[in-house]
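Scroll down for the structure; my scribbles are underneath it.
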Amino acid sequence: MEGLTIALIGAAFGFLLAALGSAIGTGIAGQAGSGVVSEDPQRFVSMLILQALPGTQGFYGFVALMFVINIVLGGGKMPTPQQGWQIVFACAPIGIVGFLSAIFQGKVCVAGCSQVAKQPGTLGSALIFAIVVETYAVLGLVSTLILLLRVQQAVQG
Amino acid sequence: MAVSKVRKLELVAHAECREEIVTALRSLGAVHISDIRELFPESENQLPSYLQGSLSHIKEKLAQLLYCILFVERFAPKPPFLEKLAKSKPVFTVQEFEECLATIDIGKLYEECSRLEKNLEENRSQIEKKETLISDVSHWLQLPWPLEMIRDTQTTCVTLGICDGRAFNLMTEEMAEVSPLYHIEVTGRSRTSVSMVLIYSKSVEDLLAPVLRKYAWRPVRFAELNGTPAQIVATLREEIKELHEHTQHICERVMREFVPALDKLMLLHDHYSQECHTLEVQRHFLFTTRVFLISGWIVADHEEALRKRLGEVTQVFELRCYDPAPGENVPVFLENNRAIAPFTLITDLYGRPQYTEFDPTPLFAPFFGLFFGICLGDAGYGAILAIACFIALKKLNIYGGPRKLLEILVWGGIGSFVFGLLSGGVFCMKTEQLPAIFKSMMLFEATGDVLLFLYIAFGLGLIQILFGIGIKMALNVRKGHVIDAILDQALWILFLISLAPLCYKYLFGGAVGEAIVSHAVRAAKILAVALVLTQGRKTRPLVFSPLRGLLKLYGVMNYFGDVLSYARLMALGLATAFLGMTINDIAQLILGIPYGIGYALAALILVFGHAFNLAINCLGAFVHSLRLQYLEFFSKFFTGGGMMFQPFAEERMYTIVQSSPAKPLMESHR
């Protein structure tokens, strides 16, 4: 396989996994939110905020993808197959951590939905519980970017 | 700092002037009334019987009013969402209010409303009933005979009936086999059912009955209906029309007579719910036969105003204010200047400071604005956000928490505007496309110089964390624990500062001058030894204290983790930029479609794409900045969990009564 093909596979899977996790996370949080809104329509905005939280991992995956396309492959020189594999592994942190953290964050948000339903006015703490999970997705993205920067230096010389 | 000085208050007065005093307290809105059981645990929070009576009377009125309002509201036109927000509360003068109170008879209104609703309900069920009847009778619409003629003769049975459409042929065949003494006149046929008039000789009833049963034929009787089916349906239609007209008439009447008075009903609702609250508050009073006692809290600056106001009302009272004893649970009132005040929303979300603590709001507010700005990181977005929120604040009637939130977002937008200019983010344009004026303002390129961006984030994190430890140190000094301040905080601050260049060089591969490194290593070694020796100084027996110190030194990992956590600033900033760039790219691709369609589509994509990007990243920027304050910053010096100062004050949810006798001293928090 060409280096470019391998690199694109890496970028695609980084995004794919993270976005899949986000889809699952927002999916379950949305179901819980919908249940709360059916009882109390005024909670819609809080529920929407809680549902949107596990969505960010997808964006992080997208950032990694754009980074590979625009920065690593942006200089005109194509990577060797070996560098292609390096890109695949560099994309793994955000892909895998994003996938899992989005699902778990979704679960925390589900719990947050019922918390806010029972105790209105505690949206702040529900958000914080969810954001603690997201820390690791953020670290995943940062590691991916640092690894990609290293590969970029090698590719573009 | 901005935690106001609060004094304990005890007010004893004659029961005769109870009402005047309570009204004065309410209009002043300066007293936090606490439960008398804190002073007299044996008190049962019972209202005296005469107050209990008026409370239940008011509650009944309130319930009736609420019923009327809900009933009338169904007929009121619904304004669009934004218009509803932009509409100000209806304003009444004191005279108008008193006139409303005197003229509107709630009991009568309630009766009228419930009668009308009953009428409407009856009409609806009548209409439904008649419509069902029409659909039943229309099966026999072709029948030319009046229904009262369908009845048995001496030797034959004549009856209407209906059976399943698919079973009809089988049924007639089987009936023909049993006996010829019957006749079926089919009057209606649909895919599912056949309606008919069945005539048969009474002599063969026993033979035909099993067949009819087998095919689920069922007889239908219309009691009390006269005339041919066609006539009946026509009459029913006529009746339904009349009922509709009656309903319409009632609706029009409600629209004409009641809907315009809705604001007045709201005014009364506000009045009575306030009265109700006022009586409920008096449960916290202590009543004797002649006097009553209020215990509570007051912000020290308001004490004179209260004394003056009470003096205007009556002379028979005794007011005592004194400073709270140490350790007492004092309600906390925060006072901040206008720029900082909205950020108290964030402090309150975490928990008010203890009375003995200070208000952290002014300390984190600048950090919050800055961090929000970095996370959003785009000058264009920042300008739009700040301007949009500013306009919303000016034009829409938003109060309480949401208003503070918008004010915070204005600051966040300004932060984002500034940081966007410095880092070359203007509507996520690529750097080479940036107009020269923005390029000249750029200090570094956020999307190109990612590592530098990351180090800036870490640097800011280190600064905030050191600042947090510094605050703790100042607190210790103020309490007189100078040794703690030096050993627990100053040593750590120096240690972390000496570690920073080492981390930068060895962990991140940054370039640091040789001289700095050697100084830093020496300082770090000395400080580490000092920390090991001092951190365990409170451990007994003393032999274990260095061990304990060693363990505490491991706490450096916590600080390291805290600093790493600030990487999110860079990650979120890049997320905004890259998403926005993609939106721009897509719009550019589409531009090529001919006949101007390309331009229209590109404009749509740009507007909606950037709006979405702005919204989703605002959410991210807000909660992540929030988290940095709560988990990384507050943990260094702040406990929180104080009781909120909630003054007993006037509260009107839906209406405003102008020229209240006096302006309340503070905004109510309920």
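Values reported hereafter were calculated over all heavy atoms of this structure, with side chains retained and with hydrogens, waters and symmetry mates removed. Chain letters run A, B, ... following the sequence lines, proteins first, then strands; residues in each count from 1.
Arg627(B) contributes atom CZ, which lies 13.0 Å from atom CG of Leu127(A) (distance to the nearest 0.5 angstrom). In this structure, the separation between CG on Leu574(B) and CZ on Phe67(A) is 7.5 Å, given to the nearest 0.5 Å. Between the CG atom of Leu619(B) and the OG1 atom of Thr56(A) there is a distance of 8.0 Å, given to the nearest 0.5 Å. Distance check, rounded to the nearest 0.5 Å: CZ of Phe622(B) to CD1 of Ile49(A) gives 9.0 Å. Here the straight-line distance linking atom OG1 of Thr576(B) with atom CZ of Phe59(A) works out to 10.0 Å at 0.5 Å rounding. Atoms CG and OG1, from Leu631(B) and Thr135(A) in turn, are 8.0 Å apart once rounded to the nearest 0.5 Å.
There is no contact between Leu65(A) and chain B, counting heavy-atom distances below 4.5 Å. Neither the backbone nor the side chain of Ile346(B) has a heavy atom closer than 4.5 Å to any heavy atom of chain A. Only the side chain of Leu139(A) comes within contact range of chain B, judged by heavy atoms closer than 4.5 Å.
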- Please step through side chain to side chain contact (heavy atoms under 4.5 Å, CB included) for the pair Ile131(A) and Arg568(B), ending with a clear verdict. CA-CA 11 Å; Ile131(A) 282 303; Arg568(B) 71 188 69 236; 4.2 Å; yes
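Here the closest non-hydrogen pair linking Val63(A) and Ala575(B) is CG2-CA, 3.3 Å. Taking all atoms of both residues into account, the shortest heavy-atom contact from Leu349(B) to Gly124(A) is CD2-CA, 3.6 Å. Of all heavy-atom pairs spanning His624(B) and Val138(A), the tightest one is CE1-CG2, 4.2 Å.
Counting non-hydrogen atoms of other residues, nucleotides and ligands closer than 6.0 Å to CZ of Phe444(B) gives a total above 12. Counting heavy-atom neighbours within 6.0 Å of Glu2(A) CD, excluding the residue itself, gives a total of 12 or less.
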